[in-house]
Amino acid sequence: MYSRLIIRLFENYKHFYRSKRFKSRHSSIALNKQKLTAKDKALEHFDDFYGNVFKKQWPSIRLALLSTQKYIAIINNFSDVERIKNELENLGGINIRRLLEIQNDKTNDSAESIKVKKQNVEKLNAKIQQFGQKKQDEELAAFYPSNEGNLLPSNSLEINVSEDRLIEPSLGLSASTVTEFVPTSKLIGLENWLPESQHYSHYADNQDYPFEIKQQNSIDFPSHLHAYTYEIGNVERFPSPKKGTTGVSDYYLLNGGSLLPVLALDLKPGDNVLDMCASPGGKGLLCLQTLLPRTVVLNDVSESRINKIRNVMNEFFYNFDEREEKGEIILTRMDGRVFNTENVFDKILVDVPCTTDRHAVMEDDNNIFKSGRIKERIKIPELQSELLINALKLVKVGGTVVYSTCSLSPTQNDGVIALSLRRLSEQTDHQFVVIDMTKALKSSRILYNYGNNLGLKCGHLVIPYLPANFGPTYFCKILKIK
């Protein structure tokens, strides 16, 4: 297991350091411009852009992006659940819900232990003070055996403490400050990507827009949602699923980062759910596997994408046609920007089109960095913002919108959130709260790499790294309060 990881690590590092384009990208672009493929262009762009964003973290992220991603297996509740669980566990699979529960218990035990220790210290200090006071009273009583002559009345005993030895508790302590979102215009390689950087700088202007933030302390992992992974460092892949006795596939394989936006939705019984950009269907399938929502609407803009979703549903639901006829699952073909069913949805997932970073550096097919797609690429953040704004308008008051991408770009992530909230505040009287899930996600750090000092103000970002090569996945949870 680890030998394969080491071999892969060596091969990718060899590729990384021998890459002339990475060592001297400016000269190589000039000499080999005609030879660059779409994925080469994507890698060049990311080296310039993300190299400045992530700095020392970028080489390891780059290495992971160029390596095979790690998948998790979501058990199909419409197949033979117990048999599948046993088979996955016999392969070495770990139940993610159980793993997070164990980690959460350890965290709570640690917090409780700290609380108990603090209480014990306080009790000990109180006993010491009582003992000291008692000894002091005894010494004074011995020195002044009676109150005769009123030399020192017992009710006037005082202890004077020199004020220059008192320490103000707040001195030397500083409150934590939120790391500012670094302007995107300073992050992109301006000299080589001028057209895009000029466009992106528009989104950086929104970084200081004020919005309300509330903390979420825990996350609910439904007991009937069964997700499996291999341990950290194990780069093996689960075998392709087979069909069970009900005639549908045993499990669905997807990038582990995709689990988090769905968990962030916090689906409840009776929820009406919209997956606004549902193709190819993995996150919509996750919503349905919770067995909680009343209605799930799976929407996308093109007929080919709707067909992909339908194929996935038919593969995993033996009674899909029946569920569709009852209105439990609804497939719609519509541009999410003009989806107009208001005040119906309790939860909306907006998994927007993006630069799909991992695909962009691995595949030339359907690559957003193809020469003829530059205008489309430049307009990606605008499209993302329009989709998010419409979702925030559509969701019920008290409802939740989760925005997600598979990009590392701060422009497509926090930048789009800030821009969208600013525009809504200018155009409508709606009010929203951004939910900070840092505490809720604490136990999941045993499985996911969220990076260090990224300066995120709105959402959370799963960073690819070889031992658990999930992501990139960015997600932000927004609550509508008015």
Side-chain angles (χ1 to χ4, degrees), residues 72-85 88 97 220-228 240-254 258-259 261-336 339-351 391 394-396 399-402 404:
I72 63 173
I74 305 295
I75 290 182
N76 185 6
N77 285 321
F78 294 85
S79 188
D80 312 309
V81 176
E82 292 304 317
R83 172 184 60 79
I84 302 167
K85 288 168 64 175
L88 292 179
R97 176 172 48 82
D220 180 40
F221 199 117
S223 59
H224 40 266
L225 180 61
H226 308 289
Y228 281 79
S240 298
K242 57 187 178 182
K243 293 187 181 295
T245 57
T246 58
V248 293
S249 294
D250 284 348
Y251 50 82
Y252 185 83
L253 297 174
L254 78 167
S258 299
L259 177 66
V262 176
L263 291 180
L265 280 173
D266 192 23
L267 299 177
K268 300 298 183 184
D271 279 346
N272 288 324
V273 182
L274 169 63
D275 188 351
M276 185 174 276
C277 310
S279 181
K283 292 185 178 70
L285 184 66
L286 265 175
C287 292
L288 290 161
Q289 289 298 326
T290 65
L291 299 178
L292 291 174
R294 181 170 60 192
T295 299
V296 175
V297 176
L298 305 174
N299 176 73
D300 220 299
V301 69
S302 73
E303 187 66 31
S304 62
R305 291 177 179 176
I306 290 296
N307 289 335
K308 287 181 181 178
I309 298 170
R310 187 175 295 279
N311 289 338
V312 169
M313 295 301 118
N314 279 314
E315 182 182 351
F316 289 89
F317 293 95
Y318 57 81
N319 60 347
F320 170 68
D321 291 338
E322 178 185 341
R323 291 167 70 89
E324 188 176 22
E325 186 176 343
K326 289 181 179 179
E328 296 176 2
I329 306 174
I330 300 174
L331 270 60
T332 60
R333 178 191 169 192
M334 189 178 297
D335 187 332
F339 203 102
N340 56 6
T341 308
E342 296 186 23
N343 202 35
V344 170
F345 299 108
D346 305 280
K347 310 287 172 65
I348 300 180
L349 177 63
V350 193
D351 186 36
L394 294 179
V395 74
K396 291 180 180 179
T400 298
V401 172
V402 173
S404 66

S.K.: List the atom of Phe345, the atom of Val395, and the distance in Å for their closest heavy-atom pair.
M.R.: O-CG2, 3.5 Å
S.K.: What do the steps show when you test Ile74 against Leu285 for side-chain contact (heavy atoms from CB on, under 4.5 Å), and what is the final call?
M.R.: CA-CA 9 Å; Ile74 305 295; Leu285 184 66; over 6 Å; no
S.K.: Would you find a donor on one side and an acceptor on the other, under 3.5 Å apart, between the side chain of Asp300 and the backbone of Ile306?
M.R.: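 Here the side-chain-to-backbone pair does not exist.
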S.K.: Quick check against the 3.5 Å criterion: does Ser249 have a side-chain atom that pairs as donor or acceptor with the backbone of Pro241?
M.R.: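 No; judged by distance alone, with no hydrogens or angles, the pair does not exist.
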S.K.: I need the Tyr251 OH to Lys242 NZ distance, nearest 0.5 Å.
M.R.: 8.5 Å
S.K.: Checking side-chain contact (heavy atoms from CB on, under 4.5 Å) for the pair Leu288/Arg323: CA distance, chi angles, key distance, verdict?
M.R.: CA-CA 11 Å; Leu288 290 161; Arg323 291 167 70 89; 4.1 Å; yes
S.K.: Does a side-chain heavy-atom distance below 4.5 Å link His226 with Leu88?
M.R.: no
S.K.: Hey, could you give me the CG/CD1 distance between Asp80 and Ile75, rounded to the nearest 0.5 Å?
M.R.: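 Rounded to the nearest 0.5 Å, the CG-CD1 separation comes to 10.5 Å.
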S.K.: Test Phe317 against Gln289 for side-chain contact (heavy atoms from CB on, under 4.5 Å), laying out the working first.
M.R.: CA-CA 10 Å; Phe317 293 95; Gln289 289 298 326; 4.1 Å; yes
S.K.: Only distances under 3.5 Å count here; give the side-chain donor-acceptor pairs of residues 261-277 to other protein atoms, sequence neighbours excluded, each with its distance to 0.1 Å.
M.R.:
unit_1	atom_1	unit_2	atom_2	d
Asp266	OD1	Lys268	NZ	3.3
Asp271	OD2	Lys268	N	2.6
Asp271	OD2	Lys347	NZ	2.9
Asn272	OD1	Arg294	NE	3.4
Asn272	ND2	Val344	O	3.4
Asp275	OD2	Gly284	N	3.4

S.K.: Lys283 and Ser404: which non-hydrogen atoms are nearest, and at how many Å?
M.R.: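 Closest heavy-atom pair between Lys283 and Ser404: CE-OG, 4.2 Å.
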S.K.: Does Ile330 have any side chain to side chain contact (heavy atoms under 4.5 Å, CB included) partners at least two apart in sequence or in another chain, and if so, which?
M.R.: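 Ile330 satisfies side chain to side chain contact (heavy atoms under 4.5 Å, CB included) with Thr295, Val297, Thr332 once adjacent residues are dropped.
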S.K.: A side-chain contact here means heavy atoms from C-beta on lying under 4.5 Å apart; do Leu298 and Ile329 qualify?
M.R.: yes
S.K.: By side chain to side chain donor-acceptor pair (under 3.5 Å), which residues pair with Ser79, not counting sequence neighbours?
M.R.: Asp250
S.K.: Show the nearest heavy-atom pair for residues Thr290 and Cys287, with the distance to one decimal.
M.R.: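 Closest pair (atom of Thr290, atom of Cys287, distance): OG1-O, 2.6 Å.
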S.K.: Please report the interatomic distance CZ(Phe78) to OG1(Thr246), rounded to the nearest 0.5 Å.
M.R.: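 It comes to 9.5 Å.
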S.K.: If you draw a 6.0 Å radius around CD in Glu303, do more than 12 non-hydrogen atoms from other residues or ligands fall strictly inside?
M.R.: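 Counting other residues, nucleotides and ligands, CD of Glu303 exceeds 12 neighbours.
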S.K.: Could you check if a side-chain atom of Lys85 sits within less than 4.5 angstrom of a side-chain atom of Tyr228, using non-hydrogen atoms only?
M.R.: yes
S.K.: If you look at every heavy atom in Ala227 and Leu259, which pair is closest and at what distance?
M.R.: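 Closest heavy-atom pair between Ala227 and Leu259: CB-CD2, 4.5 Å.
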S.K.: Walk me through it: do Leu225 and Arg97 pass the test side-chain contact (heavy atoms from CB on, under 4.5 Å)?
M.R.: CA-CA 8 Å; Leu225 180 61; Arg97 176 172 48 82; over 6 Å; no
S.K.: To the nearest 0.5 Å, how far apart are CG in Asn311 and CZ in Phe316?
M.R.: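 These two atoms lie 11.5 Å from each other.
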S.K.: Nearest 0.5 Å please: distance from the CZ atom of Arg310 over to the CG atom of Asp321.
M.R.: 7.5 Å
S.K.: Are any side-chain N or O atoms of Asn77 and backbone N or O atoms of His224, one a donor and one an acceptor, separated by less than 3.5 Å?
M.R.: yes
